[in-house]
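Read through the structure below, which is laid out as structure tokens, and then see the notes.
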Amino acid sequence: MAWQQNFLEAFGTGVLGGTSFRTYFKILRDNRFSIDPPFYLRAAVTAFSSLQNSAQRRVEDWVYGDAVRKTEIHPPIFVLGLWRSGTTHLHNLLCCDWRFAFPNTYQVFFPHSFLTTERFNSRMLNWLLPSRRVQDNVEIGAKLPQEDDFAIAGLTGMSFNLSIAFPRRAEAYTKFLTFQRATASEKRIWAEALEHFLKKLTFKYHRPIVLKSPAHTGHVRELVRLFPDAKFVLIHRDPVEVYSSTVHCLETVFKMWALQRLGTHSIAESTIQNVREVTESYFADRQHIPPGQLTEIAFTELEQRPIETMARIYRELDLPAFRFTQQTMQNHLDSLGEYKKNRHHEVDPETRARLGEQWQQYFTNWGYGETAAARAA
């Protein structure tokens with residue numbers, strides 16, 4: 001185990017490393033300041049970090065605030081797909097195109113201050129980060145593409161990711177997967193935070209932003225309302241593999257994000273419920289995406305025929321000419337070498353049957369129906 005992982009498990013601020021003190025205090029108050037003893041140090045380090053973020057936010061707003069507020073956002077490109085469906089691989093390939101920009105790891109974990117602090121502090125973050133994600137051995141780094149939902153967690157505290165930090169009140173944060181149980185005020189705050197973050201990125205790069213967060217799969221209606229000209233590409237994967245990989249991932253990151261013990265909260269059970277809610281929301285709302293602005297691919301397509309699949313995405317979404325980025329993508333694919341996916345525990349027959357029942361739309365709408373029937377038998 002790399003020393004960085006040990007460090008992050010002991011001292012890391014987890015998903016709340018980029019929050020302001022005001023937001024952090026509200027999160028703690030909402031949870032009745034219920035932090036379990038093993039995580040007191042993490043809570044204290046996060047509090048200290050939040051004070052720094054608040055001070056740096058004031059400086060950044062003083063320097064760049066007016067310019068950022070006047071910035072016009074180019075229609076973004078959203079990578080959709082459930083956790084562990086191949087969204088990171090697809091996102092990384094799209095980010096090879098120099099005509100697009102993307103939020104990197106430093107920016108999503110320091111959304112309040114990256115315009116003024118990234119140049120000086122990103123090297124420190126790189127030093128503190130493992131070179132590979134502990135859950136799947138994928139390369140990470142301060143300058144590499146990352147999920148924008150981490151930025152929203154830091155800006156608002158309104159993110160599914162906080163359900164891992166506070167499992168005893170998981171339902172207070174899983175509602176942000178689809179907004180079906182969220183208030184009008186919460187939707188407005190979330191939307192304003194996302195727009196603000198994209199304005200800062202656009203001010204920095206002056207290019208369309210490629211975004212990837214699995215939670216966005218349940219945000220389609222809100223995203224279309226905010227960005228009517230946005231493009232969407234969804235990637236799906238065998239649901240049994242998604243289940244086993246997601247449970248493994250969340251159990252791994254829990255060690256670095258938690259502020260409460262799991263108690264009676266079941267990561268496996270919550271995964272079943274959360275995926276069902278997100279997929280049902282997506283299938284109900286994808287009709288709101290205008291024609292020509294959505295395409296869907298299977299992970300096996302991208303894995304077996306990556307260049308052909310990326311060319312199809314560019315063609316169906318009417319993105320800039322693919323030939324100008326094809327070689328860059330091929331170079332990225334070559335750099336992956338003999339990367340091997342993690343092997344996870346076999347899913348027992350009873351759980352397979354539950355998945356076939358609870359995730360029925362997933363299996364049938366994306367063509368995994370026969371697989372589900374065979375596995376449930």
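By convention here, the first residue in the shown sequence is residue 1.
Between Glu60 and Lys200 there is a salt bridge, with a side-chain nitrogen of the basic residue lying less than 4.0 Å from a carboxylate oxygen of the acidic one. Between Arg168 and Asp36 there is a salt bridge, with a side-chain nitrogen of the basic residue lying less than 4.0 Å from a carboxylate oxygen of the acidic one. Glu118 and Lys143 are joined by a salt bridge, as a carboxylate oxygen and a charged side-chain nitrogen come within less than 4.0 angstrom of each other. A salt bridge does not link Arg354 to Glu357: none of the charged nitrogens lies less than 4.0 Å from a carboxylate oxygen. Here Lys199 does not pair with Glu195 in a salt bridge; the nearest charged N to carboxylate O distance is not below 4.0 Å. Checked for salt-bridge contact, Asp61 and Arg69 meet the test: a charged N lies under 4.0 Å from a carboxylate O. Between Lys26 and Asp30, at least one side-chain nitrogen of the basic residue sits less than 4.0 Å from a carboxylate oxygen of the acidic one, meeting the salt-bridge criterion.
For the pairing with Phe160, the ring pair (Phe, Tyr, Trp, His ring centres under 6.0 Å) check across Phe179, Phe166, Tyr173, Trp83 returns one residue only, Trp83.
Although no hydrogens or angles enter the test, the distance criterion places no donor-acceptor pair under 3.5 Å between the side chain of Arg352 and the main chain of Val240. Thr23 places no side-chain N or O within 3.5 Å of a backbone atom of Thr19 that could act as its donor or acceptor partner. A donor-acceptor pair under 3.5 Å links the side-chain atoms of Thr217 to the main chain of Gly81, judged by distance alone. Ser270 contributes a side-chain N or O that, together with a main-chain N or O of Ile267, makes up a donor-acceptor pair within less than 3.5 Å. In this structure, Ser49 contributes its side chain and Thr46 its backbone to no donor-acceptor pair below 3.5 Å. In this structure, the side chain of Ser20 does not engage the main chain of Ser54 through any donor-acceptor pair within 3.5 Å. The main-chain N or O of Glu241 is found under 3.5 Å from a side-chain atom of Ser244 such that the two form a donor-acceptor pair. A donor-acceptor contact shorter than 3.5 Å is absent between the side chain of Gln327 and the backbone of Phe324. Looking at Gln293, its side chain does come within 3.5 Å of a backbone N or O of Ala230 through a donor-acceptor pair. In terms of modelled atom types and a separation under 3.5 Å, the side chain of His219 and the main chain of Phe176 share a donor-acceptor contact.
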Query raised in the report: Please walk me through it: do Gln361 and Trp366 pass side chain to side chain donor-acceptor pair (under 3.5 Å)?
Result: CA-CA 8 Å; Gln361 290 194 46; Trp366 283 326; over 6 Å; no
Query raised in the report: Taking it one step at a time, do Thr178 and Glu277 satisfy side chain to side chain donor-acceptor pair (under 3.5 Å)?
Result: CA-CA 7 Å; Thr178 65; Glu277 183 176 349; 2.8 Å; yes
Query raised in the report: What's the verdict on side chain to side chain donor-acceptor pair (under 3.5 Å) for Ser85 and Arg237, showing C-alpha distance, side-chain angles and the deciding distance?
Result: CA-CA 5 Å; Ser85 292; Arg237 184 183 182 186; over 6 Å; no
Query raised in the report: salt bridge (charged side-chain N to carboxylate O under 4.0 Å, His left out) between Lys175 and Glu186: does it pass, once the steps are laid out?
Result: CA-CA 10 Å; Lys175 67 181 178 181; Glu186 288 171 332; 2.9 Å; yes
Query raised in the report: When you look at Asp348 and Thr351, which way does the side chain to side chain donor-acceptor pair (under 3.5 Å) test go after all the steps?
Result: CA-CA 6 Å; Asp348 62 83; Thr351 301; 2.9 Å; yes
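Side-chain contact between Leu115 and Phe203: present, with at least one pair of heavy atoms (C-beta onward) separated by less than 4.5 Å. In this structure, the side chains of Phe100 and Ile209 stay at 4.5 Å or more apart for every pair of heavy atoms. The shortest distance between side-chain heavy atoms of Asn121 and Phe110 does not fall below 4.5 Å. Residues Phe322 and Ile307 meet the side-chain proximity criterion, which asks for heavy atoms closer than 4.5 Å.
Here the shortest heavy-atom pairing between Phe102 and Leu144 reads CE1-C, 4.0 Å. Thr116 approaches Tyr64 most closely through the heavy-atom pair CG2-CE1, 3.4 Å. Contact record, Ala258 with Arg42: O-NH1, 2.7 Å, taken as the closest heavy-atom pair. In terms of heavy atoms, Phe232 sits closest to Leu80 at CD2-CD1, 3.8 Å. The shortest heavy-atom contact between Arg99 and Ala321 is NH2-O, 2.8 Å. Residues Gln273 and Arg276 come closest through the heavy atom pair OE1-NH2, 2.9 Å.
Aromatic rings of Trp98 and Tyr205 (six-membered ring for Trp) have centroids beyond the 6.0 Å cut-off, not under it. Taking the centre of each ring, Tyr368 and His236 come in below the 6.0 Å mark. You'll find the ring centres of Phe25 and Phe33 inside the 6.0 Å limit.
Atom CZ of Arg123 has 12 or fewer heavy atoms from other residues, nucleotides or ligands within 6.0 Å. Within a 6.0 Å sphere centred on CD of Glu72, other residues, nucleotides and ligands contribute 12 heavy atoms or fewer. Annotation: Arg58, atom CZ; neighbour count of heavy atoms from other residues, nucleotides and ligands within 6.0 Å does not exceed 12. Heavy-atom neighbours of Glu350 CD from other residues, nucleotides or ligands within 6.0 Å: at or below the threshold of 12.
The distance from the CZ atom of Arg305 to the CZ atom of Arg312 is 8.5 Å, given to the nearest 0.5 Å. The distance from the CD1 atom of Ile27 to the OH atom of Tyr24 is 8.5 Å, given to the nearest 0.5 Å. Within the model, atoms NE2 of His89 and CG of Leu94 stand 10.5 Å from one another, a figure rounded to the nearest 0.5 Å. Arg29 CZ to Ser34 OG: the interatomic distance, rounded to the nearest 0.5 Å, is 15.5 Å.
With sequence neighbours excluded, the residues forming a side chain to side chain contact (heavy atoms under 4.5 Å, CB included) with Pro37 are Tyr40, Arg261, listed by chain and number. For Ser335, the side chain to side chain contact (heavy atoms under 4.5 Å, CB included) partners two or more places apart in sequence, or in a different chain, are His332.
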Quiz: residues 148-159 side-chain donor-acceptor pairs under 3.5 angstrom, not counting sequence neighbours:
residue, atom, partner, partner atom, Å
Asp148, OD1, Ser213, OG, 3.0
Asp148, OD1, His216, NE2, 3.4
Asp148, OD2, His216, NE2, 2.6
Asp149, OD2, Ser159, OG, 2.8
Asp149, OD2, Asn161, ND2, 3.1
Thr156, OG1, Ile152, O, 2.7
Thr156, OG1, Met158, N, 2.9
Ser159, OG, Asn161, N, 3.1
Ser159, OG, Asn161, ND2, 3.2

